[in-house]
Amino acid sequence: MKLWVVLCLALLWVELQNGACQQIKRRKDAGENHIRPGGKRVKVRPSKVKDGGGKGQSLLTQVLDKGRFLRLGQSTTLTPGRNMELRCKGSNIGWSYPTYLDTFNDSRLSIKQSDKYSQLILTSPSAADTGIYSCWVILCDGSECEKDHDRASVSYIYFTDKENLFVPSAIHFEIVYLRPDRPAVVPCRVTDPQAKASLHREVPPEEITANGTLLTFDPTKGFVLPNPSPEHQGVFYCKAVTKGTPQISTKYQLLYVEVPSGPPFVSLESPPDSVRGGDDVNLTCTVLGEPEVDVSFTWSYPGQDKRPVHIQTSWRLVNRGTGYTTRVSQSVLTVEDMETIDFGNYECKAKNQRGETIVATSITSK
């Protein structure tokens, strides 16, 4: 009987040992090392989520010293004089930066594209370089390419300079046009987002209070007038202060615009329908339009490419009524010593960025 009990205990011990071995084996199988059929061990690495710069992620980073990187947010404040290097992930990247860097073909700016990222370098940046910097992935299908709006990053970068609280401008007296159908901006942008700015009328001298409704201040734009009116006309300047002496911006002439936006409104002034051979004839094509919108003129006439004519184009700003400013653009075509070939239809085509208008008249011989 005692022998039977000992035998049962021995069998139970063997079973327990087998179970423990199976547990150890299962734990090993669930660990880092797997065994392939060929007998070689393969280390299983935890899978990484690929950073493709998707929607809501920033592609734009600033390269710091010692190989460190800083992912840029909606706004960034940097020190003037220290070279700036930005990187944007992707093998085909587009960039945007303050337009004057292109206008003056600034050699301080360089852009290089590598296999994995694009690099923008701006050497010796100053307060004037304050503005919007952005990058985006370019998607191409053959020769057609477009911006991927879901993979784009934007950061407004301030180059804070205590000597220049306002972003310097090449224009010392700037015109701002006021329209009843859109907000107007007095573009006195600051280089320090913490600067306190105010708007002032020169004559009569007064401060225009930014109340958040009739006038607001945006450090990246300036003072915004949501609903401009003729009462806002005049000469203005901005004042900014941080911890030191207040600074004054350039001056701004605010003019109220009478003419609505759209294709040119054209009139053609011509001589009487009938003229004599040998007479000199002047035809005047006039456009009343928005002050800052350029107008181009094209003439068609009977003796074109066969008879010499003189064409003179000019423009000027005029005040129409009380508090309204209009741009008058004119093109004058002169035909001297009229000949038979000069009689017929004359056509003036005026074109601006919003469309074109054609007017015509006919000149016959007496």
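Model, not experiment: these values are computed from the prediction.
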**Q** Sequence neighbours left out, what passes side chain to side chain contact (heavy atoms under 4.5 Å, CB included) with Asp148? Give chain and number order.
**A** Val137, Leu139, Asp150, Arg151
**Q** Would you list the pairs meeting disulfide bond (SG atoms under 2.5 Å apart) in which at least one residue belongs to residues 183-249, sequence neighbours left out?
**A** Cys188-Cys238
**Q** Looking at Pro125 and Leu122, what are the two nearest heavy atoms and their distance?
**A** CD-O, 3.7 Å
**Q** Identify whether the distance between the nearest side-chain nitrogen and carboxylate oxygen of Glu292 and Arg179 falls below 4.0 Å.
**A** yes
**Q** If you measure only the distance, is there a donor-acceptor pair under 3.5 Å linking the side chains of Trp95 and Ser134?
**A** no
**Q** If I compare all heavy atoms of Leu214 with all of Pro226, which pair ends up nearest, and what's the gap?
**A** O-CD, 3.3 Å
**Q** Sequence neighbours left out, what pairs pass disulfide bond (SG atoms under 2.5 Å apart) with at least one residue falling in residues 67-101?
**A** Cys88-Cys135
**Q** Would you list the pairs meeting salt bridge (charged side-chain N to carboxylate O under 4.0 Å, His left out) in which at least one residue belongs to residues 113-133, sequence neighbours left out?
**A** Arg108-Asp129
**Q** Taking the six-membered ring for Trp, is the centroid-to-centroid distance between Tyr133 and Tyr97 below 6.0 Å?
**A** no
**Q** Per the salt bridge (charged side-chain N to carboxylate O under 4.0 Å, His left out) rule, what does the pair list look like for residues 341-355, sequence neighbours excluded?
**A** Glu290-Arg354, Arg307-Asp342
**Q** Kindly write out the residues that satisfy ring-ring contact (aromatic ring centres under 6.0 Å, His included) with Phe297, not counting sequence neighbours, or none if the list is empty.
**A** none
**Q** Scan side-chain atoms only and decide if Trp136 and Ser153 contain a donor-acceptor pair under the 3.5 Å cut-off.
**A** no
**Q** Only pairs at least two apart or in different chains count here, so list each side chain to side chain donor-acceptor pair (under 3.5 Å) that has a residue in residues 236-248.
**A** none
**Q** Counting neighbours of CD on Gln304 that are heavy atoms of other residues, nucleotides or ligands and sit closer than 6.0 Å, is the number greater than 12?
**A** yes
**Q** Is a side-chain donor-acceptor pair under 3.5 Å present for Thr160 with Thr77?
**A** no
**Q** Go through Phe236 and Tyr252 one step at a time and tell me if the ring-ring contact (aromatic ring centres under 6.0 Å, His included) criterion holds.
**A** CA-CA 5 Å; Phe236 291 78; Tyr252 300 93; 9.2 Å; no
**Q** Who pairs with Ser229 by side chain to side chain contact (heavy atoms under 4.5 Å, CB included), at least two apart in sequence or on another chain?
**A** Glu231, His232
**Q** Please list, chain by chain and in numerical order, all residues satisfying salt bridge (Lys or Arg N to Asp or Glu O under 4.0 Å) with Asp218, sequence neighbours excluded.
**A** none
**Q** Under a plain distance cut-off of 3.5 Å, with no hydrogens placed, do Ser314 and Gln330 share a side-chain donor-acceptor pair?
**A** no
**Q** Please determine, by modelled atom types, if Glu85 and Gln119 share a side-chain donor-acceptor pair under 3.5 angstrom.
**A** yes
**Q** Would you call Asn352 and Asp294 a side-chain contact if the rule is heavy atoms closer than 4.5 Å?
**A** no
**Q** Output every pair passing disulfide bond (SG atoms under 2.5 Å apart) with a member in residues 275-316, not counting sequence neighbours, ordered by first then second residue.
**A** Cys285-Cys348
**Q** Can you sort out the partners of Tyr156 under ring-ring contact (aromatic ring centres under 6.0 Å, His included), two or more places apart, ordered by chain and number?
**A** Tyr158
**Q** Students often mix this up, so state it plainly: with edges at 30° and 60°, are the rings of Tyr301 and Tyr346 parallel, tilted or perpendicular?
**A** parallel
**Q** Inspect the surroundings of CD in Glu207 and state if more than 12 heavy atoms from other residues, nucleotides or ligands are less than 6.0 Å away.
**A** yes
**Q** According to side chain to side chain contact (heavy atoms under 4.5 Å, CB included), who are the partners of His149, at least two apart in sequence or on a separate chain?
**A** Lys147
**Q** Take a 6.0 Å sphere around CD of Glu336 and say whether it holds more than 12 heavy atoms from other residues, nucleotides or ligands.
**A** no
